[in-house]
Amino acid sequence: MSSVQIIHADPFAVRAANLIEEALQDSIAERGVGILSLCGGGTPKPVYQELSRRALPWEQIKLTFGDERCVPPDHPDSNYRMVQETLLNHIEIPTSNVLRMKGELEPEAAAEDYSQALQQLAPEGGVPVHDVILLGMGGDGHTASLFPDTAALQEQEKLVVANYVAKLEAWRLTMTYPLINAGREVFFLVNDHTKHSVVREVIDRTKPHPAAKIAPSNGQVLWLLGYSI
Ligand code: 6PG
C-alpha cells in the first residue's frame, strides 16, 4: 500500500523543484540514472522553469511524458512544446534522453510506438520503473489523460494507450495505471484551491475519481499543494 503525504509547497515552484531535484539526485546516486515523467497542463510550467535553473546532471536523467495531446509537437496544445519552452530549451540534455510521445502519429500507432520506446528504460524487460512521476489533476478528478468514463481507466496490461475523450472530442495518449503505479514516487502538482474538494475526495478515496486509483505498489504519493489548506 503506498503512503500518501501532503505538503503545502510554498513558494510552489521552488519547493516542487527542490523535491524533484532531491529525488533525482538520490536516484542517480543509487542507480546512476534518474527517470522523470513530466505532466502537461499549466500547473507545472513554473516548476519546469525553476528546474531549468538547477545544476542537475541532465546527461544522467531520462525524461518521459505522462500524456500528450494528439497534435504535432509544435502545436499550441502540445505538452512537448510546453516542456520545450519551459525546460528543454534551457538545459543541456542529450536528445536521446528525452522520450517524446509522437502526437503527430495516428493515436493507436503513437501509443504502440511509445510503449516500445519505454522498453529502453527496462533493459531486463518488465514494466519500466520511473523514479519520479509528476501528475496534475483536473477538476473532474482526471490525471494524465485518464479521464472519467474513458476506456483507458480499464487498461491493466498495456503501458500506454490512445484514449478518446468524448468531453474534449479529442484523442489523447496516456500512461496507464500499470505503468504509473510501478513508479517509486508520484508527485501530484496542484496549485488551484478550487480543486481542493476533489483533492480531498481523491486522497480519502471517497469518490471513484481516476486520480484515486494512483497507488504505487512499491512507492509513495506526495501531494504538493500550492495553496494553504
Ligand atoms: C494535460 C495534463 C492533465 C493536467 C490536468 C491539470 O495534458 O492537460 O496532463 O492531466 O495535468 O488537466 O491541468 P492544469 O495544470 O492546467 O490545471
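Both ligands and their constituent atoms are indexed starting at 1 by order of listing.
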Counting non-hydrogen protein atoms only, what is the nearest one to atom 15 (O) of ligand 1? Give residue, atom name and distance. Thr43 OG1, 2.6 Å
Considering non-hydrogen atoms of the protein only, which is the closest contact for atom 12 (O) of ligand 1, and what is the distance? His142 NE2, 2.7 Å
Fit a plane to each ring of Phe188 and Trp223, take the angle between them on a 0 to 90° scale, and name the class: parallel (under 30°), tilted (30 to 60°) or perpendicular (over 60°). parallel
Is it the case that over 12 heavy atoms from other parts of the model lie below 6.0 angstrom from the NE2 atom of His193? no
Is a side-chain donor or acceptor of Asn97 paired with a backbone partner of Ile61 at a separation under 3.5 angstrom? yes
Nearest non-hydrogen protein atom to atom 13 (O) of ligand 1, with distance, is Gly41 CA, 4.0 Å
Heavy-atom donor-acceptor pair, Asp10 side chain to Ser228 backbone, under 3.5 Å: no
Which ring pair (Phe, Tyr, Trp, His ring centres under 6.0 Å) pairs, counting each pair once, include a residue from residues 95-147, with sequence neighbours left out? His142-Phe147
Residue part near ligand 1, for Ala144, under 4.0 Å between non-hydrogen atoms: backbone
Nearest neighbour in protein (non-hydrogen) for atom 9 (O) of ligand 1: Asp67 OD1, 2.7 Å
Just to verify, which of Leu159, Thr64, Leu135 counts as forming a side-chain contact (heavy atoms from CB on, under 4.5 Å) with Met175? Thr64
Protein contact to atom 11 (O) of ligand 1 [nearest heavy atom, distance to 0.1 Å]: Gly136 CA, 3.3 Å
Find all atoms of ligand 1 within a distance of less than 4.0 Å from any non-hydrogen atom belonging to Arg172, and give their numbers and elements. 1 (C), 7 (O)
Need the ligand 1 atom indices (1-based, order shown) with element for anything under 4.0 Å from a heavy-atom of Asn79. 1 (C), 7 (O)
When you compare ligand 1 with Thr143, is there at least one nitrogen or oxygen pair between them that comes in under 3.5 angstrom? no
Are the side chain of Thr143 and the backbone of Gly136 linked by a donor-acceptor contact shorter than 3.5 Å? yes
Atom 8 (O) of ligand 1: closest protein heavy atom, distance to 0.1 Å, is Arg69 NH2, 2.7 Å
Hey, is the main chain of Ser27 close enough, under 3.5 Å, to the side chain of Asp131 for a donor-acceptor pair? no
Using a heavy-atom cut-off of under 4.0 Å, does the side chain or the backbone of Glu68 touch ligand 1, or both, or neither? neither
Solution key, residues 87-96 side-chain donor-acceptor pairs under 3.5 Å, sequence neighbours excluded:
| from | atom 1 | to | atom 2 | distance (Å) |
| --- | --- | --- | --- | --- |
| Asn89 | ND2 | Gln84 | O | 3.2 |
| His90 | NE2 | Glu85 | O | 2.8 |

Where on Asp192 is there a heavy atom closer than 4.0 Å to ligand 1, on the side chain, on the backbone, on both, or on neither? neither
For ligand 1, indicate whether the residue Lys195 contacts it via side chain, backbone, both or neither (heavy-atom separation under 4.0 Å). side chain
Check whether Thr174 reaches the backbone of Ser145 with its side chain - one donor and one acceptor, N or O, closer than 3.5 Å. yes
Which residue holds the protein heavy atom closest to atom 6 (C) of ligand 1, what is that atom called, and what is the gap in Å? Met137 O, 3.6 Å
Look only at interatomic distance and state if Gly42 has a nitrogen or oxygen under 3.5 Å from any nitrogen or oxygen of ligand 1. yes
